[in-house]
Number of protein chains: 2
Amino acid sequence: MDIHALIKPLLQKNDSKIVMYVGDGLGGLPQQPGGKTELEAASTPNLDKLAAEGVSGSSIPVAPGISPGSGPGHLGLFGFDPVEYLIGRGALEATGIGFELKEGDVAIRANFCTLDADGNIADRRAGRIPSEESFKVVEKLAAGISIPGTEVFVKPVKEHRFVVVFRGAGLVGNVADTDPQATGVPPLPAVARDDASQKTAKICDEFIAQAKKILADEPKANCCTLRGITGKPSIPTYEEVYGLKAAAIAVYPMYKGLAQLVGMDIIGDAQTIDEQMEVLKANWDKYDFFFIHFKYTDSTGEDGNFDAKVKRTEEYDSAVPKIMELGPDVVIATGDHSTPSMLASHSWHPVPTLLWAKNCRTDACQTFGEAECLHGGLGQFEAKHLMTLALANAGRLAKFGA
Amino acid sequence: MDIHALIKPLLQKNDSKIVMYVGDGLGGLPQQPGGKTELEAASTPNLDKLAAEGVSGSSIPVAPGISPGSGPGHLGLFGFDPVEYLIGRGALEATGIGFELKEGDVAIRANFCTLDADGNIADRRAGRIPSEESFKVVEKLAAGISIPGTEVFVKPVKEHRFVVVFRGAGLVGNVADTDPQATGVPPLPAVARDDASQKTAKICDEFIAQAKKILADEPKANCCTLRGITGKPSIPTYEEVYGLKAAAIAVYPMYKGLAQLVGMDIIGDAQTIDEQMEVLKANWDKYDFFFIHFKYTDSTGEDGNFDAKVKRTEEYDSAVPKIMELGPDVVIATGDHSTPSMLASHSWHPVPTLLWAKNCRTDACQTFGEAECLHGGLGQFEAKHLMTLALANAGRLAKFGA
């Protein structure tokens, strides 16, 4: 079912405010059988109150058993089928460092590598060159590259990884990787996968030829490979799909980038959750929809630190009253996936989710947690339906059919 | 997934009887936080008994967050994907007044309008002319219109609204509205959206030209516009899809019309639920499947009258023993959507649903209500799956695959 086509003719405007408050990797697992998850172990009086007044359930980010990355996890929450709307690796890498891709850009994940005297790859990751060294090499490369008619951006990521973006007329990003995934062989030439991408392939080869010269004296990073060569993903905006003027309040570049891909404005420059709430308050009158991203429920889970995730979950909870005092019409608290500290990684487990609104038909849930959500009124549902529920509860959807 | 294609080769006949007992707009909301819904507040001992013996769940009519009209709501219950099977506005309006559309008919929602001396629309609704006046104008129009080779039906609906149906060879209903949606401009000519609809467009223009002459002396309704120009929707019948001889026992024309669109026989002329049950009894041996429609759980909800909806829900309950004494094999009690009296409108909330049958695998639910249904054995499910469950419980579906 094409949800966006279904709701498009039903959209109606009003003054309602919707807040989607995402605790990244919110769902978890107990430390021992019969124990509590991080969210259940945390003291979350504010979320508990919302759960008691609202309706709870378990969100399935992509499909049962699928552990999503940040891209598909957030696209699902934003109401875009994460299997249909794919973000190419290059575009995701650029997005992840906060690079604002424009229509027609081609984004590339680049790796520094080491070539031997015969021009074969001796090390595909340039000896995992430390960031403090590689960042200088990136600067040198960026300063030296010059491709007439094409603007070239070269931006550092981490260690041997960096991002290249080509901007210019007639570029299409369907080009195969130049990384042969092996050592003892030379890098591959760039091969266009369709006619429209021929120009991009030529520019890739020209980029590598120049890079070889510029980097010739580098002991480790004397060449590079290009991977995940992709255009800006074609995703309609929140304004187009939902008729919502939407803003994102995030600390980390990746989440700002993902929000930007669906047309949200990135507002403020908050570094803490308190500062994020100040940005929310200051911009309350300017937008219909706010995406607020809290990172640390995920990063502590990724660290495998149960107690730290509990603490960070309490921090996530503590900001809720600052949202509520602004008088929102719909509040959603959820995660883009689970990150159980027992697994120290993203996982496939459904994500505890609550929706608070005046007419949401509440359920028997009295607290916010994985076990409680199992008997919530939202049941188990695919994340991509959350936005439709938000719009309905905000009074922004007319009846379908007569 | 194409459910109908899936079950077609599995269908097997037997003597079982299935009753789908629809309380229109059955689902509701509490009057205050923590309160009971209309269904929960009502005394429903008969439905409670069925819930205790049967299996309960929450039906999602179309998709999460979507508030359906009667058309999509019932198509879902009848097992037709309500997003795939769309009923055009003209066809629905004709259906709503009980007009029996035939294959090849073109149905139109028509509005009386007022033209000024220059031929521009002065009032798009002819001053919302009262029904007692407009019905006479409809009669005059119906008597005067004559289009050679095409049978023309002109039927009153309410106030300025009426229905026009063209019947004849070569008619296709893909024609744009002639209502310009503005005043101070003349009505639009009828424009075919495809070649096959050219003849229909010409007949529309001829109809309006004749209407202008016939209505020339009318003070308000001196012209009309044509909207929602559509053919009979192409929906397979219950016999074709389920191998069921099906009958509908409804009081209101709209629901008789919807049942007719899926090939049900409309039986009896009952005006009350007691009379509907007499019709059921009298026809028990003649059909495999009975759709019984109870309107007043919806109309009281639409009126915003909580207490009246509670009373009507009790009336809905009171007829259940008359169904059960006939010895049905499968009984489904549900609604086509929720109509909370607190919202005084159709809503997106899931609909309490129970299925009673000998082998249904019962659950812990002891009463019939929204909260109880949340932990029922049917879980949350899309309405379109109900008919498959009904067939399975009736022993009418063989194994899929070996």
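Model, not experiment: these values are computed from the prediction.
- Per-residue heavy-atom pair counts under 4.5 Å with chain A were compared for B:Ser338, B:Cys373, B:Gly28, and the maximum is reached by B:Gly28.
- Heavy atoms closer than 4.5 Å to chain A are found nowhere in B:Ile60, neither backbone nor side chain.
- Residue contact with chain A, scored on non-hydrogen atoms closer than 4.5 Å, involves the backbone and the side chain of B:Pro64 alike.
- For the set A:Ile3, A:Asp363, A:Asn393, the count of heavy-atom pairs under 4.5 angstrom toward chain B peaks at A:Asn393.
- Put simply, of A:Leu378, A:Leu374, A:Leu10, A:Asp2, the one with the most heavy-atom pairs under 4.5 Å next to chain B is A:Leu378.
- Of the atoms belonging to B:Pro61, not a single heavy atom falls under 4.5 Å from chain A.
- Neither the backbone nor the side chain of B:Ile87 comes within less than 4.5 Å of any heavy atom of chain A.
- Contact of B:Glu370 with chain A is made through the side chain alone, with heavy-atom distances under 4.5 Å.
- Looking at A:Leu391, there are no atoms closer than 4.5 Å to chain B (heavy atoms on both sides), in backbone or side chain.
- Contact detail for A:Asn359 and B:His349: the closest heavy-atom pair is O-NE2, 2.6 Å.
- A:Met1 and B:Val83 get closest at one heavy-atom pair: SD-CG2, 4.1 Å.
- No side-chain N or O of B:Ser347 forms a donor-acceptor pair with one of A:Arg361 less than 3.5 Å apart.
- The 12-atom threshold is not exceeded at NZ of B:Lys36, counting heavy atoms of other residues, nucleotides or ligands nearer than 6.0 Å.
- Interface remark: of the candidates B:Gly71, B:Pro68, B:Gly34, B:Pro68 forms the most heavy-atom pairs closer than 4.5 Å to chain A.
- The environment of B:Lys158 atom NZ is sparse: at most 12 non-hydrogen atoms of other residues, nucleotides or ligands sit within 6.0 angstrom.
- Only the side chain of B:His346 comes within less than 4.5 Å of a heavy atom of chain A; its backbone N, CA, C and O stay farther away.
- Side-chain atoms of A:Gln380 never come within 3.5 Å of backbone atoms of B:Gln380 as a donor-acceptor pair (strictly under, hydrogens ignored).
- The shortest non-hydrogen separation linking B:Pro72 to A:Phe400 is CG-O, 3.2 Å.
- The most heavy-atom pairs under 4.5 Å with chain A, out of B:Gly73, B:Pro350, B:Pro33, B:Gly379, come from B:Pro350.
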